Amino acid sequence: RRKGEEWDEEHALILHYAKSLAGETATATGAVTAGNDVETTKHVTELAENIQTLEDDKRYLQDELHQLRRQAASAAADAEREKELAALNQDAETKQRYEKMRREKDRLEARIDVVEEHNRQLMTQLQRLRHILQEQQDRQSSVMSGSVSGVWLRHNK
């Protein structure tokens, strides 16, 4: 049973005992005057009214407590939904950042490929120029040595 039902039963029993005690007191003395009887009835009525007021207050407070619990549960559910939405938004933001970084990485890798190809072309040109330079130096050396040989031969005759 719920605690509220137990309280209702207890109040009903208290009211019943109060009424029966008022009746027993009157019969036990045997000589109850009309004034005492009216006073006792008035006192019992006040007790009953006080008990009824307390029971009404208790029901009101229980209803309010149930309403607050429902609101708290609803607020907790709303907070959980907001947390899930925030996580989804964060996931979306993370995914966007990842995609942006991936595009930037792809762009940089393509740029690296272009630079490496340009570097290979420059290295090829450098090798050709070195080869041409070497050929020219070799030709100059052979021309020089031919000239020197001719001069030497002419000079030694």
Side-chain angles (χ1 to χ4, degrees), residues 1-29 32-142:
R1 285 193 323 199
R2 294 187 342 204
K3 191 168 184 133
E5 292 173 358
E6 292 174 9
W7 279 97
D8 290 340
E9 286 180 18
E10 288 178 17
H11 288 135
L13 284 172
I14 291 170
L15 180 61
H16 175 70
Y17 289 136
K19 286 180 181 178
S20 65
L21 284 174
E24 285 178 16
T25 307
T27 53
T29 58
V32 177
T33 62
N36 275 347
D37 212 13
V38 170
E39 190 176 309
T40 303
T41 304
K42 186 178 175 184
H43 184 66
V44 168
T45 303
E46 286 177 10
L47 286 175
E49 288 173 0
N50 286 340
I51 290 172
Q52 186 62 43
T53 302
L54 291 172
E55 287 175 350
D56 291 344
D57 289 347
K58 183 189 80 165
R59 275 193 281 290
Y60 172 77
L61 290 174
Q62 284 177 333
D63 290 344
E64 190 174 345
L65 178 64
H66 291 303
Q67 183 180 2
L68 289 173
R69 284 183 180 158
R70 282 192 301 272
Q71 288 175 352
S74 176
D78 290 345
E80 185 63 30
R81 279 192 294 276
E82 287 180 26
K83 186 177 177 182
E84 289 172 0
L85 285 174
L88 288 175
N89 287 339
Q90 186 176 10
D91 288 346
E93 290 173 11
T94 301
K95 186 176 180 181
Q96 287 175 347
R97 283 193 307 251
Y98 169 77
E99 289 297 321
K100 183 178 177 183
M101 289 172 65
R102 187 182 57 76
R103 286 190 302 270
E104 182 67 11
K105 177 185 147 260
D106 291 345
R107 185 188 70 77
L108 289 173
E109 286 177 347
R111 179 75 177 132
I112 287 171
D113 290 343
V114 168
V115 169
E116 286 176 344
E117 179 60 30
H118 188 256
N119 190 34
R120 279 191 290 276
Q121 290 173 359
L122 289 174
M123 291 299 287
T124 303
Q125 287 178 359
L126 181 61
Q127 286 175 348
R128 276 191 237 140
L129 289 173
R130 282 182 181 162
H131 182 69
I132 292 171
L133 182 62
Q134 186 65 39
E135 286 178 352
Q136 285 180 355
Q137 286 175 350
D138 290 347
R139 268 191 248 136
Q140 282 180 356
S141 288
S142 65

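Owing to the predicted nature of the structure, the values given are computational and were not obtained by experimental measurement.
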Can you tell if the side chain of Val115 reaches within under 4.5 Å of the side chain of His118, non-hydrogen atoms only? no
Nearest 0.5 Å please: distance from the CZ atom of Arg107 over to the CD1 atom of Ile112. 10.0 Å
Under a 3.5 Å cutoff, is there a donor and acceptor pairing between the side chains of Asp138 and Gln134? yes
Value rounded to 0.5 Å, distance of CZ in Arg97 from NZ in Lys100: 10.5 Å
Does the distance from a Lys or Arg side-chain N to an Asp or Glu carboxylate O, for Glu99 and Arg102, drop under 4.0 Å? yes
Got a sec: does the CZ of Arg111 have more than 12 other heavy atoms crowding it under 6.0 Å? no
With Asp106 as partner, the option from Glu104, Arg103, Glu109 fulfilling side chain to side chain contact (heavy atoms under 4.5 Å, CB included) is Glu109
Look at the side chain of Ser74 and the backbone N and O of Arg70, then say whether any donor-acceptor pair between them is shorter than 3.5 Å. no
So do the side chains of Glu46 and Lys42 get within less than 4.5 Å of each other, counting heavy atoms only? yes
Yes or no on side chain to side chain donor-acceptor pair (under 3.5 Å) for Asn89 and Glu93, after CA distance, side-chain angles and deciding distance? CA-CA 6 Å; Asn89 287 339; Glu93 290 173 11; over 6 Å; no
If the threshold is 4.0 Å, N to carboxylate O, is there a salt bridge linking Glu55 and Lys58? no
Distance, nearest 0.5 Å, that separates CG of Asp78 from CG of Leu85: 10.5 Å
When rounded to the nearest 0.5 Å, the distance separating CD of Gln96 from CG of Asp91 is 11.5 Å
A quick test of your reading: do over 12 heavy atoms of other residues, nucleotides or ligands sit less than 6.0 Å from CD of Gln90? no
Distance from Leu122 atom CG to Arg120 atom CZ, nearest 0.5 Å? 11.5 Å
Pairwise side-chain contact, Arg128 with Thr124, heavy-atom cut-off 4.5 Å (strictly under): yes
Side-chain touch Asp63/Gln67, heavy atoms, less than 4.5 angstrom: no
Residue pair His131 / Glu135, side-chain donor-acceptor N/O under 3.5 Å: yes
Nearest 0.5 Å please: distance from the CD atom of Gln62 over to the CG atom of Asp57. 11.5 Å
